[in-house]
Amino acid sequence: QVQLVESGGGLVQAGDSLILSCVVSGGSFSQYGMAWFRQAPGKERDCISAINWSGGSIYYDDSVLGRFTISKDNDKNTMYLQMNSLKPEDTAIYYCAAGLLDTYPNYLAAYEYNYWGQGTQVTVSS
């Protein structure tokens with residue numbers, strides 16, 4: 001079966017950086033559209049960044065644009081989220097997601113993704 005394993009979360013101070021990793025096994029990694037979602041307590045799970053199967057189309061939510069960078073390494077079956085200039089409002093559980101998306105998916109929608117990681121907590125203090 002397809003499995004996604006996240007790592008890299010932790011407790012940091014505002015302005016610090018973290019790199020999240022999502023290792024995919026059991027599937028055709030290079031064919032997946034992938035995304036990073038985050039969910040703060042009491043809030044909906046929101047897509048903050050997405051990347052299509054080829055890496056040629058990338059999306060960032062305005063809240064992270066210019067600070068976060070999404071990437072994927074097909075040789076390592078791994079997706080990354082480099083997070084710089086972290087803010088307290090970035091505090092959330094971060095989830096990676098993957099799926100065989102159609103040509104024109106609603107890539108912001110959780111239902112488009114079939115496979116999910118377990119989530120990793122990112123906490124940013126002031």
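Since we're looking at a predicted model, the values are computed, not measured. These numbers come from the heavy atoms of this one structure, side chains and all, not from hydrogens, waters or symmetry mates.
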May I have the step-by-step check of side-chain contact (heavy atoms from CB on, under 4.5 Å) for I70 and W36, ending in yes or no?
CA-CA 8 Å; I70 190 172; W36 289 98; 3.7 Å; yes
Test side-chain contact (heavy atoms from CB on, under 4.5 Å) applied to I48 and Y59, step by step
CA-CA 8 Å; I48 58 167; Y59 162 82; over 6 Å; no
Please assess F37 against Y94 for the test ring pair (Phe, Tyr, Trp, His ring centres under 6.0 Å), listing each intermediate value before the final yes or no.
CA-CA 6 Å; F37 287 73; Y94 285 70; over 10 Å; no
Would you check, one step at a time, whether the test side-chain contact (heavy atoms from CB on, under 4.5 Å) holds for V124 with M83?
CA-CA 11 Å; V124 185; M83 304 185 294; over 6 Å; no
Would Q121 and T123 count as a side-chain hydrogen bond (donor to acceptor under 3.5 Å, both in side chains) here? Give the steps.
CA-CA 6 Å; Q121 177 70 47; T123 302; 3.2 Å; yes
Walk me through whether S21 and Y80 qualify under side-chain contact (heavy atoms from CB on, under 4.5 Å).
CA-CA 5 Å; S21 299; Y80 303 95; 3.5 Å; yes
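Side chains of V23 and K76 form no contact here, defined as non-hydrogen atoms less than 4.5 Å apart. Using a 4.5 Å heavy-atom cutoff, the side chains of S49 and F68 are not in contact. Within the 4.5 Å cutoff, side-chain heavy atoms of L86 are placed close to those of L18. When side chains are defined from C-beta on, Y60 counts as touching T69, because their heavy atoms get closer than 4.5 Å. For the pair V24/Q3, no side-chain contact is recorded, criterion being any heavy-atom separation below 4.5 Å from C-beta on.
Within 6.0 Å of CD in E89 there are more than 12 heavy atoms belonging to other residues, nucleotides or ligands. Within 6.0 Å of CD in Q13 there are 12 or fewer heavy atoms belonging to other residues, nucleotides or ligands. The number of heavy atoms from other shown groups lying within 6.0 Å of CH2 (W116) is above 12.
With C22 as the fixed residue, the side-chain contact (heavy atoms from CB on, under 4.5 Å) test singles out one of L81, N77, L4, V5: L4. The salt bridge (charged side-chain N to carboxylate O under 4.0 Å, His left out) with R38 is formed by just one residue from the set D61, D90, D46; it is D90.
The distance from atom CE of M34 to atom CH2 of W53, rounded to the nearest 0.5 Å, is 15.0 Å. Rounded to the nearest 0.5 angstrom, D16 CG and L11 CG are separated by 9.5 Å. Rounded to the nearest 0.5 Å, atoms OG (S28) and CG (N74) are 11.0 Å apart. Distance check: R67 CZ to S85 OG gives 7.0 Å after rounding to the nearest 0.5 Å. With rounding to the nearest 0.5 angstrom, the CD1 atom of I93 is 13.5 Å from the NZ atom of K43.
Taking the ring centre of Y95 as origin, the terminal cationic atom of R45 falls inside the region bounded by 6.0 Å and 45° from the ring axis. Note that K72 lies in the cation-pi zone of F29, set by a 6.0 Å cut-off to the ring centre and a 45° limit from the axis.
N52 places a side-chain N or O within 3.5 Å of a backbone atom of S57 that can act as its donor or acceptor partner. Using a distance-only test at 3.5 Å, with no hydrogens or angles considered, a donor-acceptor pair links the side chain of E112 to the main chain of N106. S54 places a side-chain N or O within 3.5 Å of a backbone atom of G56 that can act as its donor or acceptor partner.
Grouping the Ile, Leu, Val, Met, Phe, Trp and Tyr side chains by contacts below 4.5 angstrom, directly or via other members, places L101 apart from I58.
Ring centers of Y113 and Y32: at least 6.0 Å apart, outside the cut-off.
Between S7 and T120, the shortest heavy-atom contact is C-OG1, 4.5 Å. Nearest heavy-atom pair, A92 versus A40, reported as atom, atom and distance to 0.1 Å: CB-N, 3.9 Å. Taking each heavy atom of M79 and A35 in turn, the nearest pair found is CE-O, 3.4 Å.
Remark: the S17 side chain and the N84 side chain contain an N/O donor-acceptor pair separated by less than 3.5 Å.
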